[in-house]
Protein chains: 2
Amino acid sequence: MQLHKRDVVEAATSLLDEYGIADLSMRRLARELDVTPGALYWHFANKQQLLGAVADRILQPVGTAEGDWRARIVGNCARLREALLSHTDGAELVSASFASGQSEAMSAVLAQLSAAATDAGVAPANADLAARTVVYYVLGFTADEQSRMQWDAAGADVVQSVWTENPSARFSFGLQLLVDGIAAHSRADA
Amino acid sequence: MQLHKRDVVEAATSLLDEYGIADLSMRRLARELDVTPGALYWHFANKQQLLGAVADRILQPVGTAEGDWRARIVGNCARLREALLSHTDGAELVSASFASGQSEAMSAVLAQLSAAATDAGVAPANADLAARTVVYYVLGFTADEQSRMQWDAAGADVVQSVWTENPSARFSFGLQLLVDGIAAHSRADA
DNA sequence: ACCTGAACACCGTTCAAGT
DNA sequence: ACCTGAACACCGTTCAAGT
């Protein structure tokens with residue numbers, strides 16, 4: 001039976017969820033699909049590209065946010081974080097795909113955030129950087145949060161501090177910092 | 001002649017500078033030191049720990065910043081970025097070591113930024129998160145900047161846009177956004 | 001104490017050849 | 001067009017045994 005891109009991405013995602021990013025190898029994935037490693041290279045140029053496709057699948061539920069610029073930034077980021085937390089090592093995988101420019105979905109998120117920053121009054125030349133700053137925060141925070149969560153679930157005694165309790169509130173606080181910065185800067189900018 | 005931790009870190013750093021993080025393997029490093037791979041495991045528990053030591057070596061020039069809280073944040077970040085840019089894939093390596101909690105130097109930077117945030121009037125419970133947000137920005141921005149630089153140097157025609165021209169000014173803009181956010185938030189907080 | 005030899009259990013990628 | 005077989009050139013880590 002023919003192998004399709006969708007099946008490969010699907011299998012890769014369940015491998016990720018069950019064993020984590022360290023065990024998501026081309027060879028293991030091929031084994032899971034009852035296929036030779038070389039077969040994957042008919043459908044994907046390399047591992048980076050395949051991981052980019054997995055990232056896009058993970059980010060599918062993010063969609064588009066509505067409302068004023070603040071609501072759109074907060075909404076987008078909340079749903080981005082949620083999507084990342086829904087898969088083992090999701091933040092790490094998406095970070096890598098974002099860094100290598102292999103995730104179209106991340107580009108879409110970036111475009112939405114950039115538009116929101118423009119609406120906030122940030123000069124067009126700086127809107128993209130404001131958007132990226134927000135993305136760096138969400139990816140950094142969530143990767144941190146997720147690695148602590150997973151350590152914890154694995155039974156290690158994580159230092160139970162302000163960090164591990166109420167991560168959603170902490171996420172909001174940090175994000176608010178950026179929103180406030182954008183608001184302040186747009187005034188100085190205008 | 002005996003192998004010392006310092007020699008290993010030194011050799012690892014020059015391997016990094018010459019060939020990049022992808023070619024910085026335990027086996028290659030051992031070859032460079034005219035030693036068996038197993039020898040490295042007498043001095044370091046694993047590769048992560050060794051990379052952490054390389055990260056600390058890279059971050060040695062960062063030191064401590066003086067002045068009011070704004071100057072300390074801006075100063076620390078500028079010197080952090082400079083240190084990262086001084087080594088091939090420096091931002092990527094330090095990011096990884098920061099994420100795995102293997103860099104004492106990054107913890108020191110975090111502590112300085114956290115103290116600055118506290119001085120700015122951020123509640124102690126939130127100062128660490130404010131500091132982390134700044135670190136996420138510096139690492140994210142610089143990794144991005146560096147990968148574009150290296151692509152460019154490798155002869156690829158990077159999209160010459162607002163991005164590649166005057167990265168220092170762009171870096172300052174994004175950082176100012178965070179500083180403004182901290183300033184705004186400390187008022188709301190107090 | 002410090003290192004070698006040798007193994008274990010893997011990797012990503014390529015490509016002629018098959019169907 | 002799509003996949004196999006087989007190879008190439010590697011990995012990180014462990015550990016008995018040597019000095």
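In the text below, chain A, chain B and the rest are named by the order of the sequence lines, each starting its count at 1.
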Take atom [atom1] of [X] and atom [atom2] of [N], then tell me their distance rounded to the nearest Å.
| X | N | atom1 | atom2 | value |
| --- | --- | --- | --- | --- |
| Leu40(A) | dC3(D) | CG | P | 10 Å |
| His4(A) | dC2(D) | NE2 | P | 7 Å |
| Asp23(B) | dG12(C) | CG | P | 16 Å |
| Leu50(B) | dC11(D) | CG | C1' | 15 Å |
| Leu33(A) | dC2(D) | CG | C1' | 15 Å |
| Arg31(A) | dG12(C) | CZ | C1' | 14 Å |
| Phe44(A) | dG12(C) | CZ | P | 14 Å |
| Lys5(B) | dA1(C) | NZ | C1' | 14 Å |

**Residue pair Leu85(B) / Gln146(B), side-chain heavy-atom distance below 4.5 Å** =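 With C-beta onward as the side chain, the pair touches.
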**Prompt:** How about Val179(B) and Trp69(B): do any of their side-chain heavy atoms sit closer than 4.5 Å?
**Reply:**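 The answer is yes, as the side chains (C-beta and beyond) meet within the 4.5 Å cut-off.
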**Fill in**
Whether each nucleotide of nucleotides 13-19 of chain D has a protein heavy atom under 4.0 Å at its base (B), only at its sugar-phosphate (S) or at neither (-) is summarised, 5' to 3', as BBB----
When you measure from the side chain of [X] to the backbone of [Y], do you find a donor-acceptor pair of N or O atoms at a distance under 3.5 Å?
| X | Y | value |
| --- | --- | --- |
| Gln150(B) | Asp89(B) | yes |
| Gln102(B) | Ala96(B) | no |
| Ser147(B) | Asp144(B) | yes |
| Glu145(A) | Pro167(A) | no |
| Asp7(A) | His4(A) | yes |
| Tyr137(A) | Phe171(A) | yes |

**Request:** Determine: side-chain N/O of Trp42(B) to OP1/OP2 of dC3(C), distance under 4.0 Å, yes or no.
**Result:**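 For Trp42(B), the contact criterion (side-chain N or O under 4.0 Å from OP1 or OP2 of dC3(C)) is not met.
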**Asked** Does His43(B) have a side-chain nitrogen or oxygen under 4.0 Å from the phosphate oxygens OP1 or OP2 of dA1(C)?
**Response**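 No, because none of the side-chain N or O atoms of His43(B) sits under 4.0 Å from OP1 or OP2 of dA1(C).
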**Message:** Using atom P in both nucleotides, what's the gap between dC10(D) and dA9(C) to the nearest angstrom?
**Reply:**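 The answer is 23 Å between these two P atoms.
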**Request:** Dot-bracket for DNA chain D, please, read 5' to 3', with Watson-Crick or G-U wobble pairs under 3.5 Å on both distances, ( ) within the strand, [ ] crossing, | other strand, . unpaired.
**Result:** ||.|||||...|||||.||
**Prompt:** dT4(C), dC3(D), dC11(C): which one has an atom nearest the side-chain heavy atoms of Val35(B)?
**Reply:**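 From the listed options, dT4(C) comes nearest.
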**Message:** Side-chain heavy atoms nearer than 4.5 Å, only ILVMFWY residues, links allowed to pass through others: does that put Leu29(B) and Tyr19(B) together?
**Reply:**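 Same hydrophobic cluster.
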